[in-house]
Amino acid sequence: MKILGLDIGSRSIKWVLYETSFSCILEKGILDSTPHSLERIEEIIPSFDKIGLTGYGRHNLNNVLRTKSPKIVSEITCHAKGAKFIEPGHHYLLDIGGQDTKFITLDASGKIIDFKLNDRCSAGTGRYIENMAKILDLEIQDFINMAIKSEKPSNINSMCTVFAESEIISLIHSRERIEDISAGIIKSLIFRTKALIGTNKIDEKILLLGGLSELENIEILFERFDLEVKKNELSRYTGALGAALVLVD
Amino acid sequence: MMDNTKMHKSLGIDLKAHDTLIRALPELFKECFLNKEQDLKSLSYFYSVVADIHGTRVKELIEHKNKGPVIGSFCIYVPEEIILAIGGQLVGLCAGADFWVPYGEQIVPKNLCPLIKAGIGAKFSKTCPYFQVIDLLIGENTCDGKKKAWEILSDMVEMYIMDMPNKKSNSGLKLWQEEVKSLCNFLEKKFSKPISFDSLLKAVQKVNAKRSALNRLYETRKNSPTPISGIDTLLVTQIGFYDDTERYTKMVETLAKECEEKALSNSKSNDKKRILVTGSPMVVPNWKVHHVIETSGADVVVEENCTGTRYFKDNVSIENSLAKEDLLKNISDRYIRNINCACFSPNTDREEEILKICKDYKVDGIVYASLSFCTTYMIEAEKIRKVAKKNNIPMITVESDYSFSDLGQLRTRIEAFIENL
Ligand code: SF4
Ligand code: SF4
């Protein structure tokens with residue numbers, strides 16, 4: 001049986017087609033969450049026998065796909081299921097998404113024992129990095145490459161995305177190096193993440209999920225600021241995969 | 001018959017702003033109450049009270065002013081018995097709507113709880129007929145926010161303020177006994193009406209009957225499946241804060257009876273998870289957390305907060321009361337000993353209370369819902385979390401105000417919590 005998992009995020013839509021008889025992924029895909037792609041969603045996704053929805057837009061898309069009787073499950077449960085499939089035995093998951101950051105703790109069997117989400121402010125989410133890169137006039141991957149070169153990351157103190165923007169502009173005006181500002185931005189993101197996690201050090205590597213995990217060398221920056229993360233090539237798809245897996249058995 | 005517009009005008013209401021406020025309510029009401037299956041007939045009374053929230057009851061209160069005062073309060077420590085005894089009517093001012101928050105923020109800082117901001121905003125914007133109709137507002141020094149807010153509100157409305165102890169020690173009890181006595185003296189003088197032993201006894205019996213009726217209703221929620229949804233019960237409790245005490249008591253009893261019968265005849269079981277909601281009060285029309293929980297497939301079966309069990313769980317004793325003083329003492333005892341507000345330190349009784357409720361109502365998980373910036377409840381969450389963990393009861397803490405901007409995030413958290421129970 002073919003099960004489609006659909007993760008409707010605030011920035012992008014991910015889908016995974018899962019075949020139960022071989023327990024494997026047949027196809028996967030990603031597209032931007034634009035009104036245009038949302039309208040054509042039924043043409044874009046492959047055909048399936050059953051469908052599961054997750055992500056920020058799960059309830060809204062439910063109205064569109066109602067005739068297909070989708071199952072709706074929260075992102076947190078789906079990430080846990082998907083991550084257990086791609087990297088069994090990982091206990092900590094960090095999903096830095098377009099709008100929110102989630103930290104999930106699993107027990108040995110892959111069951112969720114705790115989860116935390118950022119508050120409604122966008123500082124510390126993927127959106128934060130995106131906006132800041134835009135101010136520096138850099139593509140997001142170039143921004144990461146730049147940050148890696150820095151030896152003296154700038155300090156950015158603002159908790160709020162809007163104020164952080166003005167801080168960065170004044171750093172530019174005072175001629176701080178772009179690589180230092182870039183690294184400073186990443187540093188503030190990682191410090192925020194650590195505050196969310198609630199401990200200074202975690203003795204195991206964290207599995208990084210979400211859009212940020214697609215960036216090359218991002219794990220080097222995490223390590224520099226004392227948070228060890230690991231990526232998997234399917235990191236981006238754990239939500240969609242989990243939405244399919246909840247329908248298995 | 002006076003039409004509502006005329007009546008509102010006579011109360012000095014800002015009609016234009018009031019229109020906007022009233023227009024927002026039906027949508028919310030529809031979404032939370034009308035768009036779901038309902039088989040309890042006796043609920044229609046409570047629905048109609050909310051549907052006409054600024055109409056009939058306001059009219060009754062205006063008429064009541066010929067006979068006695070209408071008095072407002074913000075907290076369940078203000079003893080209703082004494083107000084009834086001087087022939088008054090007590091209205092709990094709701095301040096649960098986001099509409100009032102921006103008005104409040106014009107006067108008080110943004111980082112205060114929405115209840116205080118909305119309360120001040122409701123008065124300042126002149127859009128709440130209940131605020132307009134009251135002759136007196138009784139404040140209490142519970143949290144810091146309220147304590148300072150009274151200073152500001154007292155420029156807009158006549159206020160009487162009760163002091164509160166921080167500890168339930170002997171001296172704390174004494175302070176409160178004095179405060180209750182002073183309130184009694186103050187009201188007698190202000191409204192030139194002595195309170196007799198008989199009138200006080202009658203009032204105590206009336207309020208006791210109201211609490212017992214609510215107790216009876218909540219008892220039925222111990223059944224599995226529960227005969228009445230959490231959001232409906234929340235609405236019923238909220239209405240208890242401003243409806244006519246005797247009529248309300250009768251209506252709650254009728255509803256409780258219907259729930260008892262429904263529970264008895266209920267043959268189909270359900271496997272819905274049973275949730276305890278605890279934390280800050282949820283006043284009309286703040287139905288947000290209940291709505292999210294119950295549209296995510298779980299049942300709220302009990303609330304340990306001021307719009308839940310704290311409001312009614314214990315009665316004032318009338319045993320061995322021969323004089324007015326005895327009754328006043330019993331009243332103050334009931335309030336101070338049995339309400340486990342987070343303004344007290346320590347507040348260990350609340351921990352035990354929550355565990356007991358979890359057992360009695362066969363609770364699967366706790367949703368600890370605090371209003372944003374409600375410091376006392378937010379901090380106390382950690383203590384409750386520890387106790388819950390030790391007793392293997394899963395708990396999630398959420399912090400939210402009256403706006404709908406965080407509805408998506410709230411839903412994600414709560415759904416995930418329920419899925420993992
Ligand atoms: S939480 Fe405390 S201060 Fe607030 S209404 Fe309840 S008893 Fe009063
Ligand atoms: S106790 Fe909390 S909710 Fe009540 S007024 Fe104080 S801060 Fe607001």
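Here is the naming used below: chain letters follow the sequence lines, and residue numbers restart at 1 for every chain.
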Mark yes when over 12 heavy atoms from residues, nucleotides or ligands other than B:D271 sit less than 6.0 Å from its CG; otherwise mark no.
no
Determine the minimum heavy-atom distance between A:E75 and B:T412, stating which atoms define it.
OE1-CG2, 3.4 Å
Look up atom OG1 in B:T295 and atom NE2 in A:H59, then write down how far apart they are to the nearest 0.5 Å.
7.5 Å
Using 0.5 Å steps for rounding, measure from the CG atom of B:D406 to the CG atom of A:L117.
11.5 Å
Taking NZ, NE, NH1 and NH2 as the nitrogens, is one of them in A:R58 or B:E415 under 4.0 Å from a carboxylate oxygen of the other?
yes
So for atom NZ, which belongs to A:K84, do other residues, nucleotides or ligands contribute more than 12 heavy atoms lying within a distance under 6.0 Å?
no
Flag the pair B:I396 / A:F115 as yes when at least one side-chain heavy-atom distance between them is below 4.5 Å, and no otherwise.
yes
Might you confirm whether atom NZ of B:K389 has over 12 heavy atoms from other residues, nucleotides or ligands at distances under 6.0 Å?
no
B:I414 versus chain A, the contacting section by heavy-atom distance below 4.5 Å
neither
Heavy atoms of other groups near B:K359 NZ, more than 12 under 6.0 Å:
no
Contact class of A:K116 relative to chain B, heavy atoms under 4.5 angstrom
neither
Could you measure the distance from the CG atom of A:D100 to the CZ atom of B:R413? Nearest 0.5 Å is fine.
8.0 Å
Would one find more than 12 heavy atoms of other residues, nucleotides or ligands at under 6.0 Å from atom OH of A:Y56?
no
I'd like to know whether CZ of B:F124 has more than 12 heavy-atom contacts from other residues, nucleotides or ligands below 6.0 angstrom.
no
Members of residues 8-17 of chain A whose heavy atoms come closer than 4.5 Å to chain B:
none
